[in-house]
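By convention in this document, chain letters (A, B, ...) are assigned in the order of the sequence lines, proteins followed by strands, and residues within each chain are numbered from 1.
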Number of protein chains: 2
Amino acid sequence: MAIDIDGPEPLYEQIAGVIAARIDDGSYQPRRRIPAEAALCEEFEVSRPTVRSAIQLLNQRGLTRTVHGKGTYVAGDVNGLRA
Amino acid sequence: MAIDIDGPEPLYEQIAGVIAARIDDGSYQPRRRIPAEAALCEEFEVSRPTVRSAIQLLNQRGLTRTVHGKGTYVAGDVNGLRA
DNA sequence: CTTAATTTGTACGTATGTATT
DNA sequence: GAATACATACGTACAAATTAA
């Protein structure tokens with residue numbers, strides 16, 4: 001799954017999609033931390049605000065949870081209702 | 001209600017609070033447009049990203065609704081469930 | 001229909017503050 | 001105190017939707 005800089009879908013949505021897919025397929029496991037914002041910036045070659053927008057989407061959708069000073073964690077359940 | 005640049009509460013939260021208060025007291029009426037982002041930037045003397053963060057909060061809370069190319073509108077109901 | 005003006009959307013880069021380890 | 005990581009905020013540029021001329 002690559003990022004299409006020219007496509008109609010915003011970068012932050014595409015990135016959120018890639019991360020969501022990794023959660024789905026187990027690359028990023030429940031209750032574990034996903035890579036730091038800086039690392040995601042490097043991987044996707046985008047700015048930090050763009051990575052943060054992607055993470056914000058994931059948090060809103062309940063797939064992840066961000067903790068100040070620690071990191072962003074994959075939600076710890078299958079139903080998206082509990083930690 | 002003034003903005004406290006030094007207080008612990010983020011600017012965007014303070015601004016969202018001021019706008020919410022204006023919705024409450026009727027200064028901004030249901031289904032009517034609130035001032036454009038640029039106007040709010042001038043009034044509160046903050047950057048556009050900060051104003052947008054404030055509006056995003058209001059949208060998330062259901063107090064307003066933003067339409068691309070048009071503006072941000074006060075929710076048209078009392079229950080926050082319909083437009 | 002084309003153009004311009006207004007307004008919101010996306011994205012960049014940067015600086016500084018705060019929380020955790 | 002230092003290193004790591006997220007939070008807030010600035011300024012800027014250009015794209016896209018809406019409306020009016």
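Rounded to an integer number of Å, the gap from A:D6 CG to D:dA16 P is 11 Å. Atom CD of B:E45 and atom C1' of D:dG11 are 16 Å apart (whole Å).
The environment of CZ in B:R32 is sparse: at most 12 heavy-atom neighbours from other residues, nucleotides or ligands sit within 6.0 Å. Within 6.0 Å of atom CD in A:E42, 12 or fewer heavy atoms from other residues, nucleotides or ligands are found, so the atom counts as exposed in its surroundings. Within a 6.0 Å sphere centred on CD of B:Q60, other residues, nucleotides and ligands contribute more than 12 heavy atoms.
Of the N and O atoms on the side chains of A:R22 and A:Y28, at least one donor lies less than 3.5 Å from an acceptor on the other residue. A donor-acceptor contact closer than 3.5 angstrom links the side chains of B:T50 and B:S47.
Where DNA chain C meets chain B (any atom under 4.0 Å from a heavy atom), the bounding nucleotides read 5' to 3' are C:dT7 to C:dT10.
Rounding to the nearest 0.5 angstrom, the gap separating the CG atom in B:L58 from the CG atom in B:L63 is 6.0 Å. For the atom pair CZ of A:R61 and CD of A:Q56, the computed distance is 11.0 Å after rounding to the nearest 0.5 Å. Distance CD1/B:I55 to CD1/B:I19: 6.0 Å, rounded to 0.5 Å.
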What N/O pairs connect the protein and nucleotides 6-9 of chain D at under 3.5 Å? Give each pair on its own line.
unit_1: D:dC6; atom_1: OP2; unit_2: A:E37; atom_2: N; d: 2.9
unit_1: D:dC6; atom_1: O4'; unit_2: A:G69; atom_2: N; d: 3.4
unit_1: D:dC6; atom_1: O2; unit_2: A:H68; atom_2: NE2; d: 3.1
unit_1: D:dA7; atom_1: OP2; unit_2: A:R52; atom_2: NH1; d: 2.7
unit_1: D:dA7; atom_1: OP2; unit_2: A:R52; atom_2: NH2; d: 3.1
unit_1: D:dA7; atom_1: N7; unit_2: A:R48; atom_2: NH2; d: 2.9
unit_1: D:dA7; atom_1: N6; unit_2: A:R48; atom_2: NH1; d: 3.1
unit_1: D:dT8; atom_1: OP1; unit_2: B:Y12; atom_2: OH; d: 2.9
unit_1: D:dT8; atom_1: OP2; unit_2: B:Y12; atom_2: OH; d: 3.3
unit_1: D:dA9; atom_1: OP1; unit_2: B:L11; atom_2: N; d: 2.4
unit_1: D:dA9; atom_1: OP2; unit_2: B:L11; atom_2: N; d: 3.2
unit_1: D:dA9; atom_1: OP2; unit_2: B:Y12; atom_2: N; d: 3.3

